[in-house]
Structures are given as structure tokens and as C-alpha cells.
Amino acid sequence: MIKPIVAGNWKMNKKINEALELVNNLKKIVGNITEVDIIVCPPYTALHSVSSVLKNTNIEMGAQNCYLKESGAFTGEISPQMLIDVGCTWTILGHSERRQYFNETDTFLNQKLKYVLTTGLKVMFCVGETLEEREENLTESVLRRQILEGLRDLQPSDLCKVVIAYEPVWAIGTGKNATPEQAQEAHAFIRALIKKEFGEDAGKNLPIQYGGSVKPENAKELISQEDVNGFLVGGASLNAESFAQIIKACIP
Ligand code: PEP
């Protein structure tokens, strides 16, 4: 059985004091949960402070993005090595907001993913269709393209450091989550594709998170789907109580 994995993507929210308050509260509520892997992804400016609170706890820290070089003249960018240095064990890559507002393409994301995996950082790799694409029945072809191009040249053994987050763009920050059946259908498609491309074991063991308006009220139903192995949570992760309720809903 795949261990559930729940991550909070704080996006461009929380100044240092607010981040500390959130993570201290979270530690109090879920600090003893071992049945679920828990990750928080604060903005870069809060990583150092949050890291000091999370040291020696069950809660891991991730970044929301990173670049594909170790160091150098890349103004405004942050390297995986810097993230590891500050205490991150994860990074998100390919979030739909990066694809949409910062023009990150499948090819660029593939370059980043390959580089990041050489550094030891683990990756939550986001995929998902827009509403228009879903309405035109393009969901599977979009997922196939994002996964085949995004994961191009990876070896089956690389996949133990990768989690896929299925995040339908129309469900992100809209309050409108995918139904459990819609999520299961997309997750089953993703798992079958990974099995076909990377082998039975890689597909069977791959955690697939759902993301898109996950709330305490819908978490239980979504996680009960066979191929839903956890969540990537935006809005509801900004409050310790609601994020904790989502985490608790994932305890098998
Ligand atoms: C996200 O941005 O990864 C996300 C899922 O956001 P929300 O939970 O707010 O829809």
C-alpha cells in the first residue's frame, strides 16, 4: 500500500511571523502523525525560519519551484542545492500557475526535473488540464503529453523520488473540486501510463496526489478512491486546523 502524502502549497502567502505561527500550530496538531507523509511548501523568504521549527519533526519542507543550475548568473533564481542547504527535501515543479503565468513549457520542466533529481531533492510534479481542454475531451491527451514530455529520459529508478500531482486547472482555487470519480479516472489513467512507460513496479508504487479545492469536507471521499494517494493543497493549507483535518482524513 502506498503511504498517503499530503503537501501544503502556500504560494505567495505568509510573511515570516505568519509562517511561524502556522507551522508551530501545525506541529502541535499533527506532530505525532506517522501514518501520513506531511510536507509544507512556504515561500522562499520563510524557508529558513520554518526549517528551524520543523527540525527533527515528522513534517518535511518543500519549495514551490527551483532552477536547473547549482549557482551562477541567474538573477532571481534559486538552485536545488540552496533549497537543500536551507532544509528542503522536496520541491514542486510544473505547477499550473508556473506553466500559465511564467510560460514554463513541458521541455523546460523536463530539463528542470532531470537536473533536480541529480541533486537528491524529491519532486512533486504537477499535471492537469484546463476547463476548455476537459470540455473538448482532451483531458487524457493533455495528461499524456505533460507526463511523457515532462518525464522524458527518466529511468524507472528515478520515479522513487517523484510524486505526480494531478491538479485540474479548473479546480485550483475555484472552490470547485473534481468529483471523486473524475479524480479516480484521471489517476487511474496516469498510473496506467506510468506502468506502460516505466514498468509495472514504478506505476504500482507511484504516489499520485490530487490537488484542486481540497477541503476538510471533501478530503475523506477523495482519498477513498483507489488511485488517490494524497493531496496537494493550496488555500486550505494556509490554516493549521483545516490542513490538519485534511491530513487526518488520510490516515488509513
Ligand atoms: C494548488 O495550487 O496546488 C491548489 C490545489 O490550490 P487550491 O487547493 O487552493 O485549489
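All ligand and atom numbering here is 1-based and tracks the order in the structure. All of these numbers come straight from a predicted model, not from anything done at the bench.
At distances below 3.5 Å, not a single donor-acceptor pair connects side-chain atoms of R152 with backbone N or O atoms of D106. Between the D227 side chain and the A186 main chain, no donor and acceptor come within less than 3.5 Å of each other. Formation of a donor-acceptor pair under 3.5 Å by the T130 side chain with backbone atoms of V169 is not found in this model.
Those atoms of ligand 1 that come under 4.0 Å of a heavy atom in N9, given as number and element, are 2 (O), 3 (O). Of all atoms in ligand 1, numbered sequentially from 1 with element shown, those under 4.0 Å from a heavy atom of G212 are 5 (C), 10 (O). Close contacts between ligand 1 and G235 involve ligand atoms 7 (P), 8 (O), 9 (O) [criterion: under 4.0 Å to a heavy atom]. Those atoms of ligand 1 with a heavy atom of G173 less than 4.0 angstrom away are 7 (P), 9 (O), 10 (O). Within ligand 1, the atoms closer than 4.0 Å to a non-hydrogen atom of L232 are 3 (O), 5 (C), numbered from 1 in the order shown. Ligand-side atoms of ligand 1 in range of A171: 10 (O), range being under 4.0 angstrom from any heavy atom.
Residue contacts with ligand 1 for A165 are absent, since no atom lies close enough (heavy atoms, distance under 4.0 Å). When heavy-atom distances to ligand 1 are checked against a 4.0 Å cut-off, I172 comes that close through both its backbone and its side chain.
Under a 4.0 Å heavy-atom criterion, K11 is in contact with ligand 1. At a 4.0 Å cut-off, not a single heavy atom of S96 sits close enough to ligand 1 to count as contact.
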Test side chain to side chain donor-acceptor pair (under 3.5 Å) on N110 and K114 and set out the steps.
CA-CA 6 Å; N110 176 242; K114 285 191 286 192; 3.3 Å; yes

Could you go through I164 and L151, starting from their C-alpha distance and side-chain angles, then the distance that decides it, and tell me whether this counts as side-chain contact (heavy atoms from CB on, under 4.5 Å)?
CA-CA 10 Å; I164 294 203; L151 274 55; 4.2 Å; yes

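Taking the charged nitrogens against the carboxylate oxygens, E77 and K69 have no contact shorter than 4.0 Å, which rules out a salt bridge.
Residue, atom and distance of the protein heavy atom nearest to atom 3 (O) of ligand 1 are E167 OE2, 2.7 Å. Shortest contact from atom 4 (C) of ligand 1 to any protein heavy atom: G234 N, 3.6 Å.
Under the 30°/60° scheme for interplanar angles, the aromatic rings of F108 and Y67 are found to be tilted.
By the 3.5 Å distance cut-off applied to N or O atoms, H95 is counted among the residues near ligand 1.
Under the 3.5 Å distance criterion, with hydrogens and angles disregarded, no donor-acceptor pair is assigned to the side chains of W170 and E132.
More than 12 heavy-atom neighbours from other residues, nucleotides or ligands sit within 6.0 angstrom of CD on E18.
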